[in-house]
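Just the heavy atoms: all of them, side chains too, but no hydrogens, waters or symmetry mates, feed the values below. Every value quoted in this text rests on a predicted model; they were computed, and no experiment measured them.
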Amino acid sequence: MSTAVVVGAGPGLGKAIARSFGAEGFDVALIGRTPGTLEKLERDLAGEGLRAEGFVADVTDREALVKAFDAVKERFGPIEVLEYSPAPGDPSTVDAVGATDLSVAALLPQLDMYLFGGVTAVQQVLPDMIARGSGTILVSTGASSGPVVHPPFANIAAASGALRNWVLNLHAALRGTGVYAAHVAIATWIGQEGPASMPDVMAGTYLDLYRSRQEAEVLYTADGVR
């Protein structure tokens, strides 16, 4: 049975993505920072007949993240799908800084979460995927990473934009290897802007990307994919 890993797993989109891949027959590994959240996700998904297990790690703790991936591989074997969608534990506490006020101090925590965490996660699966000639890497950020200009989120945009740029280059570099990488730019408040913003609806986009393996990027708005 194939394994999918959701990094940044939470009760919204992460759970929905896990459910979608679990329903496709994947074993699902959930990596997140909060044990209680992971335990509830395990119970909920198990109640739906899906095989899922949580592994605790904060994406800003690179050593812990590597250990979590090691544990996933030991438990489930090779990883076929990686979905990386980092997010702060409490979005209301995000210290967004505007473009004219951007500083190194404001940028570093965002780089830790987006770029450094993303590179660490991807490098735990990419060499094995290339060696066997199969695998899918899906990375999610807010659309201020590039497709949408939003100056009040300058520190977030700079860090997530760096991650987006790398994934787009990774998509091109992997052509012909059997490994597929794509970026999902989310330009909607999840669960708050109508039917298309609901997590279970959004999760279908990830399955579509996994199946089609074509686009380097999709922009997901309150009206769906553009």
Side-chain angles (χ1 to χ4, degrees), residues 3-8 13-14 17 21 31 57 59-63 65-66 68-69 72-73 78-88 99 102 104 106-151 153-188 202-203 205-221 225-226:
T3 301
V5 179
V6 178
V7 180
L13 182 58
I17 293 170
F21 280 95
I31 297 180
V59 299
T60 65
D61 183 341
R62 293 188 282 283
E63 182 178 352
L65 188 56
V66 170
F69 272 94
V72 171
K73 294 172 192 176
I79 295 166
E80 182 66 21
V81 176
L82 167 65
E83 194 281 321
Y84 183 81
S85 49
L102 185 62
V104 170
L107 182 56
L108 284 175
Q110 303 300 325
L111 286 170
D112 265 337
M113 182 169 68
Y114 287 103
L115 184 61
F116 302 153
V119 171
T120 300
V122 169
Q123 290 300 346
Q124 304 317 300
V125 302
L126 184 58
D128 289 341
M129 288 181 174
I130 292 173
R132 68 174 182 265
S134 70
T136 297
I137 296 167
L138 303 174
V139 175
S140 310
T141 69
S144 65
S145 60
V148 174
V149 175
H150 190 60
F153 279 17
N155 57 336
I156 299 167
S160 60
L163 177 58
R164 171 185 180 257
N165 182 275
W166 177 55
V167 173
L168 296 181
N169 279 275
L170 193 59
H171 172 88
L174 291 170
R175 192 171 291 118
T177 67
V179 183
Y180 170 65
H183 178 252
V184 180
I186 300 174
T188 184
M202 295 179 67
T205 297
Y206 293 80
L207 273 181
D208 289 344
L209 288 170
Y210 164 74
R211 291 166 177 158
S212 67
R213 303 173 65 81
Q214 296 297 318
E215 296 94 337
E217 178 175 60
V218 296
L219 174 64
Y220 198 100
T221 73
V225 172
R226 286 189 181 175

| said: Tell me whether Lys73 contacts the main-chain N or O of Gln124 through its side chain, where contact means a donor paired with an acceptor under 3.5 Å. | reply: yes
| said: Are Leu174 and Leu126 packed together at the side-chain level, in the sense that at least one heavy-atom pair is separated by less than 4.5 angstrom? | reply: yes
| field | Criterion side chain to side chain donor-acceptor pair (under 3.5 Å) against Thr136, the qualifying member of Glu83, Arg213, Glu80 | value | Arg213
| Any side-chain heavy-atom pair from Leu209 and Gln214 closer than 4.5 angstrom? | no
| task | Please tell me if the side chains of His183 and Thr141 come closer than 4.5 Å, counting only heavy atoms from C-beta onward. | result | yes
| field | From Leu111 atom CG to Leu107 atom CG, the distance as rounded to the nearest 0.5 Å | value | 4.0 Å
| task | To the nearest 0.5 Å, tell me how far Leu108 CG sits from Asp112 CG. | result | 7.0 Å
| task | Side-chain contact test, heavy atoms from C-beta onward, threshold under 4.5 Å: evaluate it for Ile79 versus Asp128 and give yes or no. | result | no
| task | Answer yes or no: is there a donor N or O on one side and an acceptor on the other, between the side chain of Asn169 and the main chain of Asn165, under 3.5 Å? | result | yes
| Can the ring centroids of Tyr210 and Phe21 be said to lie less than 6.0 angstrom from one another? | yes
| Between Tyr206 and Ser140: side-chain donor-acceptor atoms closer than 3.5 Å | yes
| Note, Ile31 side chain near Phe69 side chain (heavy atom, < 4.5 Å) | yes
| task | Indicate yes or no for a side-chain donor-acceptor contact from Gln110 to the backbone of Ala106 under 3.5 Å, with no hydrogens or angles considered. | result | no
| task | Identify which one of Leu163, Val122, Ile137 satisfies the side chain to side chain contact (heavy atoms under 4.5 Å, CB included) criterion when paired with Tyr84. | result | Leu163
| message | Do Val125 and Leu82 have side chains that approach each other closer than 4.5 Å (heavy atoms only, starting at C-beta)? | response | yes
| query | Hey, does Met129 have a side-chain heavy atom less than 4.5 Å from the side chain of Pro78? | reply | no
| Met202 side chain reached by Thr205 side chain, heavy atoms, under 4.5 Å | no
| remark: Tightest non-hydrogen contact, residues Glu217 and Arg164, listed as OE2-NE, 2.5 Å
